[in-house]
Amino acid sequence: MRRYGKHTDEDDIRSRPGRRGTRPRTHIRPKHEDAAEGMVLTVDRGRLTCLVGDRTIVAMKARELGRKAAVVGDRVALVGDLSGKKDTLARIVRIEERTSVLRRTADDDDPYERVVVANADQLAIVTALADPEPRPRLIDRCLVAAFDGGLEPLLVLTKSDLAPPDKLLELYGALDIPHVVTSRGELENGDAADRVREHLAGRATAFVGHSGVGKTTLVNALVPEERRRTTGHVNAVTGRGRHTTTSALALPLSGADGWVIDTPGIRSFGLAHIDPSRVIHAFPDLEPGTEGCPRACSHDEPDCALDAWVEEGHADPARLYSLRRLLATRERKEGD
């Protein structure tokens with residue numbers, strides 16, 4: 001059957017576009033030079049809550065970022081509706097370079113690395129002295145992640161009314177880590193928050209700790225206007241609490257300039273992503289002694305030059321012991 005008249009012309013013929021359309025593709029991406037700067041406060045199922053100026057904006061990640069994900073603490077560039085009004089949605093088009101990264105894996109055999117927090121200055125490791133019992137190996141793992149990611153560690157020991165802190169503090173004395181010891185009563189009356197706040201002013205601090213140690217209770221005391229649900233229940237059989245924080249959240253520190261970043265309770269802290277050779281950078285008194293080490297030295301073998309470095313009096317032997325304990329923590333389980 002004839003579809004056209006007697007005097008057809010090429011212009012009369014309709015051509016079907018190809019499957020990929022007729023629009024030419026380009027690899028040139030827009031620079032978004034007019035994008036607004038913001039900070040990611042929390043992430044929930046693909047929606048990111050960001051602080052832009054004094055407004056809270058809900059945004060989604062632009063497709064052009066590919067698999068690159070933004071996490072709490074990231075500095076980002078946003079375009080679109082930045083009014084912060086209900087049901088509006090902005091778009092994150094750029095993630096700025098990070099100054100520090102707190103990372104972990106599910107376990108030491110898991111190759112998938114999870115970025116927990118970006119751009120934090122400090123890692124507050126919260127652990128109870130009793131109920132539940134302290135887990136030094138888990139503390140060691142958090143310290144390794146802090147040193148590797150560029151965060152300064154802070155030990156926060158809770159429930160000192162149930163057990164003395166001396167033994168645990170002695171274990172970490174050679175590392176010269178700042179610490180705060182609190183009791184349950186001090187958490188309730190606010191004295192603990194005041195002492196911890198002195199270490200947080202002017203800094204972004206991520207809080208980590210396993211369930212039941214009082215981490216969320218402390219965060220609530222530091223940011224009373226943004227109270228999060230707490231647990232208060234520790235399983236009598238396992239000695240573990242129930243997770244009450246399900247997603248990381250950055251909160252402005254009350255009474256001082258700074259950020260408190262609450263993270264979900266942890267039961268394991270995998271270090272599959274950690275390169276042991278980077279941990280030595282957290283020991284400036286020992287690092288010069290590695291110049292005489294054999295290639296790919298683990299710093300815990302007969303030919304390691306650090307033994308002679310310490311014997312010559314350049315560093316405290318307790319520091320070398322602490323370094324080797326941290327380097328060996330990947331071979332030990334957290335509960336050992």
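Relative orientation of the Trp309 and His314 rings is parallel, given thresholds of 30° and 60° on the angle between their planes.
The backbone N or O of Gly202 lies less than 3.5 Å from no partner atom in the side chain of Asp257, so there is not a single donor-acceptor pair. Remark: side-chain polar atoms of Ser183 are not paired, donor with acceptor, to backbone N or O of Lys159 under 3.5 angstrom. Looking at Asp262, its side chain never comes within 3.5 Å of a backbone N or O of Leu249 through a donor-acceptor pair. Side-chain N or O atoms of Arg114 include one that pairs as donor or acceptor with a backbone N or O of Tyr112 at under 3.5 Å. A side-chain donor-acceptor contact under 3.5 Å links Lys61 to the backbone of Lys68. Judged purely by atom type and a 3.5 angstrom limit, Arg55 uses its side chain to pair as donor or acceptor with the backbone of Leu82. Checking side-chain atoms of Ser160 against main-chain N and O of Thr182 turns up a donor-acceptor pair under 3.5 Å.
Salt-bridge check for Arg103 with Asp148: passed, with a basic side-chain N closer than 4.0 Å to an acidic carboxylate O. For the pair Asp194 and Arg197, the salt-bridge criterion is met [side-chain N within less than 4.0 Å of a carboxylate O].
A 4.5 Å side-chain heavy-atom check between His281 and Glu287 finds at least one atom pair inside the cut-off. Side-chain contact between Arg135 and Arg141 is absent, with no heavy-atom pair separated by less than 4.5 Å. Taking 4.5 Å as the limit, some side-chain heavy atom of Trp259 sits within range of a side-chain heavy atom of Leu41. Within the 4.5 Å cutoff, no side-chain heavy atoms of Val115 are placed close to those of Asp74. In this structure the side chain of Ile139 reaches within 4.5 angstrom of the side chain of Leu155, judged on heavy atoms. At least one side-chain heavy atom of Leu102 sits under 4.5 Å from a side-chain heavy atom of Val208. Here the side chains of Leu154 and Arg203 are not in contact, with every heavy-atom distance at 4.5 Å or above. The side-chain heavy atoms of Leu168 and Thr127, taken from C-beta on, include a pair separated by under 4.5 Å.
When all heavy atoms of Ala318 and Asp316 are compared, the closest pair comes out as N-OD1, 2.9 Å. For Ser211 against Pro132, the heavy-atom pair with the smallest separation is O-CG, 4.0 Å. Across all non-hydrogen atoms, the minimal contact from Glu113 to Thr105 is CA-CG2, 3.9 Å. Across Ala130 and Pro134, no two heavy atoms sit closer than the pair N-CD, 4.4 Å. Nearest heavy-atom pair, Gly73 versus Asn119, reported as atom, atom and distance to 0.1 Å: O-ND2, 2.9 Å. The minimum heavy-atom distance between Ala70 and Val43, with the atom names listed, is O-CG2, 3.9 Å.
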*I would like to know whether Arg137 and Asp140 meet side-chain contact (heavy atoms from CB on, under 4.5 Å); could you show each step before the answer?*
CA-CA 5 Å; Arg137 300 291 80 81; Asp140 288 352; 3.1 Å; yes
*Test Arg98 against Val71 for side-chain contact (heavy atoms from CB on, under 4.5 Å), laying out the working first.*
CA-CA 11 Å; Arg98 294 163 173 166; Val71 301; 3.9 Å; yes
*Kindly determine whether Val310 and Arg319 satisfy side-chain contact (heavy atoms from CB on, under 4.5 Å), including the steps that lead there.*
CA-CA 9 Å; Val310 170; Arg319 291 278 289 170; over 6 Å; no
*Let me see the working for Asp44 and Thr49 under side-chain contact (heavy atoms from CB on, under 4.5 Å), right down to the final yes or no.*
CA-CA 8 Å; Asp44 182 17; Thr49 301; over 6 Å; no
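With rounding to the nearest 0.5 angstrom, the CD1 atom of Ile92 is 11.5 Å from the CD atom of Glu64. Leu271 contributes atom CG, which lies 8.5 Å from atom SG of Cys142 (distance to the nearest 0.5 angstrom). To the nearest 0.5 Å, atom CG of residue Leu151 and atom CG of residue Leu143 are 11.5 Å apart. Rounding to the nearest 0.5 Å gives a distance of 14.5 Å between CD1 of Ile57 and CE of Met39. Rounding to the nearest 0.5 Å places OG1 of Thr329 at 11.0 Å from CD1 of Ile274. Within the model, atoms CG of Leu123 and CD of Glu152 stand 11.0 Å from one another, a figure rounded to the nearest 0.5 Å.
Summarising the local packing, CD of Glu96 is surrounded by more than 12 heavy atoms from other residues, nucleotides or ligands at distances under 6.0 Å. Counted within 6.0 Å of CD on Glu301, heavy atoms from surrounding residues, nucleotides or ligands total more than 12; the atom is thus considered enclosed. The environment of CD in Glu291 is sparse: at most 12 heavy-atom neighbours from other residues, nucleotides or ligands sit within 6.0 Å.
In this structure, Leu48 is not a member of the same hydrophobic cluster as Val117, with clusters built from ILVMFWY side-chain heavy atoms closer than 4.5 Å. Transitive grouping of hydrophobic side chains (ILVMFWY, heavy atoms separated by less than 4.5 Å) brings Leu286 and Val279 into a common cluster. Using a 4.5 Å cut-off between side-chain heavy atoms of Ile, Leu, Val, Met, Phe, Trp and Tyr, with links allowed through other members, Leu171 and Leu320 fall into the same hydrophobic cluster. Phe207 and Val101 fall into different hydrophobic clusters, where Ile, Leu, Val, Met, Phe, Trp and Tyr are joined by side-chain heavy atoms under 4.5 Å apart, directly or via other members. Under a hydrophobic-cluster definition in which Ile, Leu, Val, Met, Phe, Trp and Tyr are linked whenever side-chain heavy atoms come within less than 4.5 Å, directly or via other members, Val72 and Val76 are assigned to different clusters.
Relative to the ring axis of Tyr172, Arg325 places its NZ or CZ within 45° and under 6.0 Å from the centre.
Neither side chain, Ser298 nor Asp300, offers a donor N or O lying under 3.5 Å from an acceptor on the other.
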